[in-house]
A.B. asks: 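Got a structure here, written out as structure tokens. Questions coming.
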Amino acid sequence: MGIAVYPGSFDPVTNGHMDIVERAAQIFDEVIVAVVINPDKRPLFTMDERLEMIKQSCTALPNVRVGCFSGLLVDFMRQEGAKVIIRGLRAVSDFENEFQMALMNKKLHPGIETVFFTSQTEYAFLSSSLVKEVASLGGDVYHFLPAAVLAQMQIKYGASGSGERAVSKKGGE
Ligand code: PNS
């Protein structure tokens, strides 16, 4: 099925993203997880941190590669010889923006198709920004993030990543 590119900010990569990477890796010969370099955004994690966390989360997926790009996604696709863009759809609210981007990318490069993966229901509410908010406020994000990301999140926020906070509260400490 050729090469597919899964682009995004991945600030940071979540279990919802990883679910899509794993499913895409079963369909396409190669999947490139491509982190966008966006000078207009101020990410929590540096590009190197984001790339490293994705790499560590994909070690069991031999046909998944990690990269980054600036400028137009379609130019990166051309450079990599990829014909398919993968995007995840969580809810109807995602659709309008995703539909717009898919049509624009098709206009810019007619040889490209965008393929949408519907998120599993357990991840339908998950977003990087929501996870960051919960972690920054001391909430437990253990169930939402790959192990490599949890470790980094704990460094950034001292976030509870093991459920210990909830357990100790129940224990009355
Ligand atoms: O994870 P995100 O922030 O929803 O990802 C958005 C992304 C990276 C897919 C989108 O912003 C993008 O493709 N940026 C590259 C610039 C570009 O090609 N823009 C025109 C496409 S519509």
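First listed ligand is number 1; within each ligand, the first listed atom is number 1.
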A.B. asks: Below 3.5 Å, N or O to N or O, backbone or side chain included: is there any such pair between Leu73 and ligand 1?
C.D. replies: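 Yes, Leu73 has an N/O under 3.5 Å of an N/O on ligand 1.
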A.B. asks: Any chance you could measure Asp19, atom CG, to Arg23, atom CZ, to the nearest 0.5 Å?
C.D. replies: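 These two atoms lie 5.0 Å from each other.
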A.B. asks: Could you tell me which non-hydrogen atom of Ser128 sits nearest to which non-hydrogen atom of Asp11, and how far apart they are?
C.D. replies: CB-O, 3.5 Å
A.B. asks: Roughly how far apart are Met53 CE and Cys58 SG, rounded to 0.5 Å?
C.D. replies: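 Answer rounded to 0.5 Å: 12.0 Å.
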A.B. asks: Check this for me - ligand 1, Ser9, N or O atoms closer than 3.5 angstrom, yes or no?
C.D. replies: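 Between Ser9 and ligand 1, an N or O pair is found under 3.5 Å apart.
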A.B. asks: State the atoms of ligand 1, each with its element, that fall below the 4.0 Å cut-off from a heavy-atom position in Gly71.
C.D. replies: 15 (C), 16 (C)
A.B. asks: Should the ring pair Phe99 and Phe95 be called parallel, tilted or perpendicular, given that the plane angle runs from 0 to 90° and is split at 30 and 60?
C.D. replies: parallel
A.B. asks: Please work out whether any backbone atom (N, CA, C, O) or any side-chain heavy atom from C-beta onward of Asn38 is under 4.0 Å from ligand 1, and answer side chain, backbone, both or neither.
C.D. replies: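 Answer for Asn38: neither.
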A.B. asks: Should the proximity of Phe69 to ligand 1, defined as any heavy atom under 4.0 Å, be assigned to the side chain, the backbone, both, or neither?
C.D. replies: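 Side chain only.
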A.B. asks: Does the protein put a heavy atom under 4.0 Å from atom 3 (O) of ligand 1?
C.D. replies: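 Yes, at least one protein heavy atom sits under 4.0 Å from atom 3 (O) of ligand 1.
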A.B. asks: Identify, by atom number and element, the atoms of ligand 1 in contact range of Lys41, meaning under 4.0 Å from any of its heavy atoms.
C.D. replies: 3 (O)
A.B. asks: Which is it for Lys107 and ligand 1 at heavy atoms under 4.0 Å: side chain, backbone, both or neither?
C.D. replies: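 For Lys107, no heavy atom sits under 4.0 Å from ligand 1.
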A.B. asks: Among all residues two or more places apart in sequence or in another chain, which pass the salt bridge (Lys or Arg N to Asp or Glu O under 4.0 Å) test with Lys55?
C.D. replies: none
A.B. asks: Short check: is a protein heavy atom less than 4.0 Å from atom 15 (C) of ligand 1?
C.D. replies: yes
A.B. asks: Which atom pair, heavy atoms only, marks the closest approach of Ala25 to Val64?
C.D. replies: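 So the minimum-distance heavy-atom pair works out to CB-CG2, 3.8 Å.
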A.B. asks: Give the numbers and elements of all ligand 1 atoms closer than 4.0 Å to a heavy atom of Val36.
C.D. replies: 8 (C)
A.B. asks: Would you please name every residue forming a salt bridge (Lys or Arg N to Asp or Glu O under 4.0 Å) with Glu122, sequence neighbours left out?
C.D. replies: none
A.B. asks: May I ask whether Ala34 places a heavy atom under 4.0 Å from ligand 1?
C.D. replies: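 No heavy atom of Ala34 comes that close to ligand 1.
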A.B. asks: For ligand 1, indicate whether the residue Gln100 contacts it via side chain, backbone, both or neither (heavy-atom separation under 4.0 Å).
C.D. replies: neither
